[in-house]
Asks: 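Here's a structure for you.
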Amino acid sequence: MGDVLEFPSQQAQGLAFLDRQLRELLTAKGADEQLVDFAARQLTKMYAQLSESEQYGFTVDLPAKLSEEER
């Protein structure tokens with residue numbers, strides 16, 4: 001069985017939600033469009049950078065001589 005891929009990704013969904021909520025909040029508070037755009041860009045950029053730092057993985061190459069139990 002293969003892996004299930006979500007489209008858009010969870011990160012993209014989260015960024016879109018964050019952007020919408022921030023825009024709604026700032027607009028409701030009376031911020032102009034220029035400020036709303038700036039704040040949304042900055043916050044989503046920081047969120048994306050933080051999310052990327054959590055994406056990690058590693059691989060271990062084991063000798064071919066190892067049995068299944070030893071692996």
Side-chain angles (χ1 to χ4, degrees):
M1 176 169 242
D3 293 331
V4 175
L5 299 176
E6 295 183 30
F7 186 82
S9 69
Q10 283 186 327
Q11 182 182 9
Q13 291 174 23
L15 288 172
F17 176 78
L18 180 63
D19 184 76
R20 277 192 314 273
Q21 294 300 307
L22 181 62
R23 288 176 183 280
E24 288 176 16
L25 175 68
L26 291 175
T27 300
K29 297 285 185 182
D32 64 10
E33 188 174 337
Q34 186 177 5
L35 175 60
V36 171
D37 288 342
F38 174 78
R41 275 194 316 270
Q42 293 301 308
L43 186 60
T44 53
K45 184 170 89 173
M46 287 186 291
Y47 179 82
Q49 288 173 344
L50 288 171
S51 295
E52 287 174 9
S53 69
E54 295 174 358
Q55 302 298 319
Y56 55 86
F58 66 93
T59 59
V60 177
D61 293 323
L62 300 173
K65 293 188 258 181
L66 292 178
S67 70
E68 190 67 32
E69 186 176 297
E70 290 173 318
R71 289 181 192 180

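Every value quoted in this text rests on a predicted model; they were computed, and no experiment measured them. Starting from 1, each residue takes its place in the sequence as its number.
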Asks: Does L25 share a hydrophobic cluster with M46, counting links as ILVMFWY side-chain heavy atoms below 4.5 Å and allowing steps through other members?
Replies: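 Shared cluster, no.
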
Asks: In chain order, what residues pass the side chain to side chain contact (heavy atoms under 4.5 Å, CB included) check against L66, with sequence neighbours excluded?
Replies: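 For L66 the side chain to side chain contact (heavy atoms under 4.5 Å, CB included) partners, ignoring immediate neighbours, are L62, P63, E70, R71.
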
Asks: Who passes salt bridge (charged side-chain N to carboxylate O under 4.0 Å, His left out) against R23, sequence neighbours left out?
Replies: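 R23 satisfies salt bridge (charged side-chain N to carboxylate O under 4.0 Å, His left out) with D19, D37 once adjacent residues are dropped.
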
Asks: Partners of A39 by side chain to side chain contact (heavy atoms under 4.5 Å, CB included), sequence neighbours excluded?
Replies: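 For A39, the residues satisfying side chain to side chain contact (heavy atoms under 4.5 Å, CB included) (neighbours in sequence not counted) are L22, L26.
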
Asks: Which atom names give the shortest non-hydrogen contact between T44 and L15, and what distance separates them?
Replies: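 For T44 versus L15, the nearest heavy atoms are O-CD2, 3.6 Å.
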
Asks: Please list, chain by chain and in numerical order, all residues satisfying side chain to side chain contact (heavy atoms under 4.5 Å, CB included) with D61, sequence neighbours excluded.
Replies: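 Checked D61 against side chain to side chain contact (heavy atoms under 4.5 Å, CB included); zero matches.
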
Asks: Show which residues join F17 in its hydrophobic cluster (side-chain heavy-atom contacts under 4.5 Å, direct or indirect), or state none.
Replies: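 ILVMFWY cluster around F17 holds nothing else.
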
